Structure formats: structure tokens, C-alpha cells
There are 2 protein chains.
Amino acid sequence: MSSTPPGDALHRLLHAYKRAMREAYRAAGIDLPSSHVRTLKAICGLPKCTAQAIAERMHRDKSQITRVVHDLQAAGLITRRPDPDDGRRQLLAPTASGKRLRARVAEAEREAGTRMVRGLPPTSVATFVRMAETMAANLDTTES
Amino acid sequence: MSSTPPGDALHRLLHAYKRAMREAYRAAGIDLPSSHVRTLKAICGLPKCTAQAIAERMHRDKSQITRVVHDLQAAGLITRRPDPDDGRRQLLAPTASGKRLRARVAEAEREAGTRMVRGLPPTSVATFVRMAETMAANLDTTES
DNA sequence: CGTCATGGTTGACTTTGTCAACTAACTTCG
DNA sequence: CGAAGTTAGTTGACAAAGTCAACCATGACG
């Protein structure tokens with residue numbers, strides 16, 4: 001019975017969220033898939049950013065990062081140069097246009113984000129986010 | 001700073017959740033993709049269930065439902081027979097083994113679900129689910 | 001030096017979601 | 001009645017996202 005399986009609500013929410021984001025991106029003239037956008041955000045956010053760091057930070061497969069990074073570079077949004085300290089690593093950094101795009105993304109997201117939490121007390125939203133993080137951590141760490 | 005963009009937390013959570021579910025399914029010897037499982041749950045939950053009803057209920061594309069339903073039928077988990085009242089519609093219902101599977105799924109989910117909310121007060125979890133639903137509704141309804 | 005871990009790349013593949021065209025069955029209404 | 005529109009479902013094609021495993025380099029360490 002349990003009329004509200006938590007997974008369903010989650011699934012619907014993320015689905016709606018992704019749709020809203022894609023919508024927002026398109027409205028802002030940004031035609032990148034959302035995973036690329038998130039990767040770009042990560043690169044802009046982390047100071048000395050490597051592919052590994054991104055993969056770890058957002059729990060994604062290395063191969064995925066490789067491909068996305070490749071695309072972003074091809075689009076002239078980021079630069080990739082070998083780390084002088086370690087020949088295996090490559091340091092990722094946004095270009096000027098990458099940073100500009102990132103700013104526009106932030107703008108679009110803020111708009112959609114506020115729309116999402118319309119009518120909800122801000123403190124609850126903070127709690128919500130914290131809970132989401134706790135749950136994710138719970139699920140992650142308990143992997144045998 | 002706003003070190004925690006709400007979307008990221010969401011994404012990580014759903015990702016972790018899906019992984020946990022798949023893990024749980026596999027551990028229970030259920031080798032169905034999660035979308036099939038969710039569809040089966042919907043069919044078991046709705047009394048007189050049509051493909052359209054499912055699509056609407058979980059905001060998914062009709063075509064997706066068609067294919068999943070087809071698979072479930074091929075696996076002998078559901079039956080599909082034309083609605084006597086309307087020749088276009090098809091009534092979907094779980095078979096005996098479909099119901100059994102559904103029960104096992106519920107078991108596995110309960111286990112993973114409780115693991116997820118470990119250490120969180122149950123009332124907060126309820127609030128969390130309600131908020132998730134509100135947000136999803138916010139995003140859905142505000143489409144121009 | 002050999003061995004092993006690490007960062008990254010590649011290929012093949014599955015799952016999920018999206019779009020558009022299309023059939024068949026109902027409905028509406030002139 | 002019959003033409004026009006709706007609705008349920010199907011199909012094909014495709015993009016996006018995630019997963020798995022094998023594979024080079026480079027670096028670290030005995």
C-alpha cells in the first residue's frame with residue numbers, strides 16, 4: 001500500500017527537473033546536453049580540475065567524462081593541458097567563452113530553480129537538499 | 001558560494017537510488033530493468049489499467065510504455081486483453097507470477113528504502129516526499 | 001629494473017527518454 | 001449516414017546517459 005513510494009516521487013521530480021533545465025537551456029540559447037552543462041559547471045567550480053576529480057565528485061564513469069570533456073574542448077569551452085607535475089593528468093580549465101556560458105547557465109538555472117521551490121519556505125528547501133545529500137551518502141556508503 | 005546547487009544533490013540522489021535498486025533487484029534474482037519494474041508496479045497498483053493511464057501517471061512517453069508492456073507480457077508477467085467497452089484500449093493485469101514478482105520487488109525495495117533513510121527522522125522523510133511532489137508539480141504546471 | 005597502481009582513452013553495449021508518423025477504433029456533428 | 005477530428009496504441013529512428021571491460025601511458029615503489 002504505502003501510497004507514496006519514495007522512489008516514485010524522486011523519479012518524477014528529477015525527471016521534471018531535467019526537463020525544466022533542458023527547457024531553460026534551450027530558451028537561453030544554450031544547446032548543450034545537461035550532462036555537458038554539469039561537467040562544465042564542475043570544471044568552473046574546481047580550481048585545479050582533472051577528469052578523475054570530476055568523475056569522483058559526481059559519481060560518474062571515467063569514460064563518460066572523457067567523452068564529455070572532449071566535446072567541451074571541441075566546442076572551445078574548455079582547455080586541456082598536461083599537468084606539469086604529473087604527465088598522466090590533464091588540467092581542465094574553462095576558456096573565456098566557457099566562463100561566459102557558465103554564467104548564462106547559472107542565470108537560467110536560478111530562474112528555473114526559484115520556480116521549482118515556489119511556495120516552499122526557503123529553510124525547508126535547505127533541509128531538503130541536506131536530506132537528499134544524506135540519503136545519497138547512505139546509499140553510497142553501504143555498498144558492501 | 002552556495003556550495004550546494006539543488007540540482008546536483010538531486011541528481012546524485014536519484015543516481016544512487018537507481019543503483020541501489022538495481023543492486024537490490026539483482027540480489028533478489030530479479031533481472032528486469034528498473035523501468036520495467038516500475039511499470040509492473042503501476043499495473044499492479046491501478047485497478048483497470050491501460051497503457052495511457054500508466055503513461056500519464058508517471059509522465060512517460062506512450063511509446064516507452066508500449067515497449068515495456070510488450071516485454072512484460074513476453075516475460076509472462078502481465079496479460080493484455082482488449083477492453084470490451086472500448087476496442088482501442090487494452091486492459092493490463094498482472095499474472096500470478098507477475099504478482100509474485102511484484103511482492104519480491106516490494107521486499108527488496110523496502111530493504112533498500114530503509115537503508116536510504118537510515119538516521120533520518122521518519123517525519124522528515126514524509127516531508128521530504130511531499131516536498132518532492134510539490135516541486136515536481138511546480139515544474140510541471142508552470143509550462144507556459 | 002620489474003611490478004603495480006593511477007589517469008585517461010576507446011569500443012561495445014544497455015537503458016532511458018524523445019519525436020514523428022501511422023493505424024485502428026471511437027466521437028461528433030452536419 | 002459519412003466526413004472530420006480524437007484517442008489508444010504501435011512503430012521506427014534517434015539522442016542522451018550510464019555501464020563494462022580492455023587497453024595505453026605515466027608514475028611510484030620495491
Side-chain angles (χ1 to χ4, degrees), chain A residues 7 10-12 14-23 25-26 30-39 43 46 48-74 78 80-92 143, chain B residues 7 10-12 14-23 25-26 30-39 43 46 48-74 78 80-92 143:
Chain A
L10 262 187
H11 194 270
R12 274 220 298 275
L14 190 89
H15 196 359
Y17 183 76
K18 273 173 79 172
R19 272 178 62 97
M21 282 307 155
R22 266 227 310 247
E23 184 67 23
Y25 294 158
R26 210 167 43 198
I30 304 166
D31 69 338
L32 281 177
S34 64
S35 72
H36 291 218
V37 172
R38 270 186 308 121
T39 305
I43 294 176
L46 277 56
K48 292 260 170 225
C49 184
T50 71
Q52 196 69 17
I54 302 176
E56 208 161 309
R57 185 179 185 283
M58 44 178 68
H59 297 89
R60 288 205 278 162
D61 201 77
K62 288 186 300 175
S63 57
Q64 242 178 114
I65 308 296
T66 296
R67 289 179 243 264
V68 172
V69 159
H70 192 276
D71 288 354
L72 290 177
Q73 187 195 11
I78 62 171
R80 191 158 46 145
R81 65 168 206 281
D83 185 338
D85 295 349
D86 187 336
R88 294 169 295 183
R89 274 189 284 211
Q90 312 203 4
L91 297 179
L92 307 172
E143 305 294 355
Chain B
L10 262 186
H11 195 271
R12 274 219 298 274
L14 188 89
H15 196 0
Y17 183 76
K18 275 173 76 172
R19 273 177 62 98
M21 282 308 155
R22 264 228 310 248
E23 184 67 24
Y25 294 157
R26 210 166 44 197
I30 304 165
D31 69 338
L32 282 178
S34 64
S35 72
H36 290 217
V37 172
R38 269 185 307 121
T39 304
I43 294 176
L46 277 56
K48 293 260 172 221
C49 184
T50 70
Q52 196 67 17
I54 302 177
E56 208 160 308
R57 186 178 185 282
M58 43 178 69
H59 296 88
R60 290 203 279 161
D61 201 76
K62 286 186 300 175
S63 56
Q64 240 178 116
I65 309 295
T66 295
R67 289 179 244 263
V68 172
V69 160
H70 193 277
D71 287 355
L72 290 178
Q73 188 195 12
I78 64 172
R80 191 159 45 144
R81 64 166 206 282
D83 184 340
D85 295 350
D86 186 336
R88 294 168 297 182
R89 276 188 284 207
Q90 312 204 2
L91 297 180
L92 307 172
E143 305 295 355

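Proteins get letters first, then strands, A, B, ... in listed order; numbering begins at 1 in each. Note that the structure is predicted; figures quoted are calculated from it, not measured. These numbers come from the heavy atoms of this one structure, side chains and all, not from hydrogens, waters or symmetry mates.
Note: CG (A:L14) to P (C:dT16) measures 14 Å, nearest angstrom. Separating the CZ atom of B:R19 from the P atom of C:dT16 is a distance of 14 Å, rounded to the nearest angstrom. A:Q52 places its CD atom 15 Å from the C1' atom of D:dA25, with the value rounded to the nearest Å. Atom P of nucleotide D:dA16 and atom OH of A:Y17 are separated by 19 Å, given to the nearest angstrom. One interatomic measurement links the two molecules: CG of A:D31 to C1' of D:dA16, which rounds to 14 Å at whole-angstrom precision. For B:R38 and C:dT15, the CZ to P distance is 14 Å, given to the nearest whole Å. Separating the CZ atom of B:R89 from the P atom of D:dT10 is a distance of 14 Å, rounded to the nearest angstrom. In this structure, A:L91 places its CG atom 13 Å from C1' of C:dG8, rounding to the nearest Å.
Applying the side chain to side chain contact (heavy atoms under 4.5 Å, CB included) criterion to B:D71, with sequence neighbours excluded, gives B:H36. For B:R67, there are no salt bridge (Lys or Arg N to Asp or Glu O under 4.0 Å) partners at least two apart in sequence or on another chain. Partners of B:H70 according to the side chain to side chain contact (heavy atoms under 4.5 Å, CB included) rule, which considers only residues two or more places apart in sequence or in another chain, are B:R80. Residues passing the side chain to side chain contact (heavy atoms under 4.5 Å, CB included) test with B:L46, sequence neighbours excluded: B:C49, B:A53, B:R57. Residues passing the salt bridge (Lys or Arg N to Asp or Glu O under 4.0 Å) test with A:D83, sequence neighbours excluded: A:R89. A:S63 is linked by a side-chain hydrogen bond (donor to acceptor under 3.5 Å, both in side chains) to A:D61, counting only residues two or more places apart in sequence or in another chain. Applying the side-chain hydrogen bond (donor to acceptor under 3.5 Å, both in side chains) test to A:E56 and every residue at least two apart in sequence or in another chain returns nothing.
Summary of the strand contacts: B:R26 and A:K18 both lie near DNA chain D, and taking for each the nucleotide with the nearest heavy atom, the more 5' one is attributed to A:K18.
Using a 4.5 Å heavy-atom cutoff, the side chains of B:M21 and B:V37 are not in contact. Side-chain contact between B:H11 and A:S34 is absent, with no heavy-atom pair separated by less than 4.5 Å. Residues B:I54 and B:L92 are in side-chain contact: their nearest non-hydrogen atoms beyond the backbone lie under 4.5 Å apart.
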Report, one pair per line, the protein and nucleotides 27-30 of chain D atoms (nitrogen or oxygen only) whose separation is under 3.5 Å.
{"unit_1": "D:dG27", "atom_1": "OP1", "unit_2": "A:G87", "atom_2": "N", "d": "2.6"}

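Annotation: proximity of residues 60-70 of chain B to DNA chain D (heavy atom, distance under 4.0 Å) is found for B:K62, B:S63, B:T66, B:R67, numbered in ascending order.
Taking 4.0 angstrom as the limit, B:H15 places a side-chain polar atom (N or O) nearer than this to OP1 or OP2 of D:dT19. Listed pair A:R22 / D:dA16 fails the phosphate criterion, with no side-chain N or O lying under 4.0 Å from OP1 or OP2. Remark: A:S35 is in phosphate contact with D:dA17, judged by side-chain N or O atoms under 4.0 Å from OP1 or OP2. Contact annotation: A:H11 side-chain N/O to C:dG17 OP1/OP2 distance is under 4.0 Å. Listed pair B:H59 / C:dT18 fails the phosphate criterion, with no side-chain N or O lying under 4.0 Å from OP1 or OP2. Within the structure, every side-chain polar atom (N or O) of B:Q90 is placed at least 4.0 Å from both OP1 and OP2 of D:dG9.
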